[in-house]
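These notes are about the structure you will find just below.
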Protein chains: 2
Amino acid sequence: MSETTHKQTPETRERILDAAEGLFMAHGFEATSMRMITGMAHVNLAAVNYHFGTKDALIHEVFRRRLRDLNRRRLAALSAEEVAAGGAPVKPSRIVEAFFGVSIEMASDTQHGGATFMRLLGRTYTEPNEFVRKFLAEEYAEVVDRFMGALYRALPDVPREEILWRFHFMMGAMSYAIAGTDALQLFAGEFDDKDPARLMERLMSFLLGGLRAPLPATTAQHMESRRNAA
Amino acid sequence: MSETTHKQTPETRERILDAAEGLFMAHGFEATSMRMITGMAHVNLAAVNYHFGTKDALIHEVFRRRLRDLNRRRLAALSAEEVAAGGAPVKPSRIVEAFFGVSIEMASDTQHGGATFMRLLGRTYTEPNEFVRKFLAEEYAEVVDRFMGALYRALPDVPREEILWRFHFMMGAMSYAIAGTDALQLFAGEFDDKDPARLMERLMSFLLGGLRAPLPATTAQHMESRRNAA
DNA sequence: GTATGATTCAAACGAACGTTTGATTCAATG
DNA sequence: CATTGAATCAAACGTTCGTTTGAATCATAC
């Protein structure tokens with residue numbers, strides 16, 4: 001054999017996953033062919049089907065590999081806040097920071113592909129593909145439960161629907177923040193501030209500003225009439 | 001001929017555009033085939049190529065058809081605010097309302113496909129496909145110029161980069177708001193509040209809260225040192 | 001009513017897709 | 001050193017894709 005003595009098995013899987021991750025991010029799932037993936041990974045065309053079964057299973061694994069760690073760190077961050085609060089409800093801003101801080105942290109990791117993955121993840125929340133959204137929901141189930149529960153406890157007077165929507169809005173802002181310059185170039189041709197620390201600052205200011213904004217008039221009215229009835 | 005005496009030309013184009021719009025929204029561009037489009041539109045397979053040339057040209061026309069009107073209304077709304085302000089800078093909140101208000105207005109129009117299109121548009125801002133983003137940038141060029149200029153004038157002390165980012169975040173929040181329940185179901189299985197008026201309220205509160213949030217520490221420091229130097 | 005240009009139609013085109021196959025090569029076991 | 005199971009390889013599979021073709025059908029003008 002001329003090079004790399006092909007046959008250190010574990011490396012093939014990783015190379016495929018890395019290549020697929022980058023190509024999915026750059027071109028989307030459908031526009032990325034098996035031949036593109038195996039070509040970039042320098043493996044045989046049949047390797048994907050051998051190691052993962054189907055293309056869909058590969059997509060699944062690309063997400064599972066990173067999402068497991070991402071959500072484990074999110075839960076750990078929330079747990080740490082809950083311990084620090086000692087029984088009392090965690091402040092909303094700390095909850096938001098726990099969730100989105102980990103996101104941006106991972107998005108800042110350009111060494112191990114974290115940045116690539118987060119950009120892929122950001123645009124996948126709105127992915128039309130049914131089966132992608134299905135397992136995304138599964139992977140998020142526990143995290144959603146924990147964080148929503150914490151927010152409900154922290155804001156007992158705010159309607160849960162309102163909290164859900166605001167969290168949804170925050171997810172959108174974060175996705176665009178991480179997807180980054182791609183969509184921003186729509187608005188400004190020249191634009192290259194990529195310092196992740198400053199991005200984190202910027203995004204957090206915006207998110208907390210939105211979270212703390214006065215409730216819309218209609219919602220406030222509903223709460224008022226409810227309070228009077230009680 | 002049995003039905004509809006096939007040959008009222010203008011209707012064929014519209015039927016294709018409407019079908020394509022809905023299918024692109026539901027499945028994405030690549031996953032939507034010409035056969036799906038022509039099947040749903042009840043026209044011959046070759047009709048798309050005859051009327052539009054290629055699939056890409058069809059995609060382009062799907063956007064151009066609605067975007068023209070959308071951005072014309074945005075510019076009109078901003079002009080009205082500028083007239084009302086009579087030479088003085090328009091308040092930031094009014095600028096934001098002019099831009100995003102028109103978006104939600106169109107997203108609320110379930111009669112003429114406006115809602116379908118806005119959901120499609122929301123997820124297209126982050127579209128990987130190069131040529132889609134290209135003509136999106138072209139269609140937006142004038143609107144971006146006008147609105148960014150207005151914001152710069154309204155907030156002369158805020159760094160332009162900061163304004164750009166916050167507008168970017170707002171776009172993300174709006175996209176998720178309009179893409180709506182799709183991504184929200186990720187977080188809450190049962191969820192069906194679709195009243196567009198309340199959504200508009202909710203989103204505006206959030207956006208203005210984020211826009212008015214205190215600047216991040218680093219940015220504030222930069223401004224401080226600049227002020228001292230002057 | 002016949003000529004004309006626009007539109008629709010059924011059928012086919014080559015290209016690219018995801019996947020499968022069967023032989024071959026590797027590392028490890030007895 | 002022969003055997004075994006895992007991994008890689010080149011080649012092909014059938015399907016679907018976007019697009020093209022040439023004949024058929026329409027509305028209109030002379």
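Residue numbers begin at 1 in each chain, while the letters A, B, ... track the order of the sequences. Just so it is clear, the structure is predicted and the values come from calculations on it, not from any experiment.
The nearest whole Å value for the distance from the CD1 atom in A/I59 to the C1' atom in C/dC17 is 14 Å. Taking atom CZ of residue A/R13 and atom P of nucleotide D/dT8, one finds them 11 Å apart after rounding to whole Å. One atom, NE2 of A/H51, and another, P of C/dG18, lie 18 Å apart when rounded to the nearest Å.
Aromatic pair B/F167/B/F99: centroids less than 6.0 angstrom apart.
For the residue pair A/N44 and A/T38, the shortest heavy atom distance occurs at O-CG2, 3.4 Å.
Under the rule for a side-chain hydrogen bond (donor to acceptor under 3.5 Å, both in side chains), A/N129 has no partner lying at least two apart in sequence or in another chain.
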Could you run through nucleotides 14-21 of chain D and give me one letter per nucleotide, 5' to 3': B if any protein heavy atom sits under 4.0 Å from the base, S if only the sugar-phosphate is that close, - if neither? ---BBBBB
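The pair B/E81-B/R94 meets the salt-bridge criterion, with a side-chain N (NZ, NE, NH1 or NH2) lying under 4.0 Å from an Asp/Glu carboxylate O.
Between B/H168 and A/Y176, the ring planes lie tilted relative to each other; the angle falls in the 30° to 60° range.
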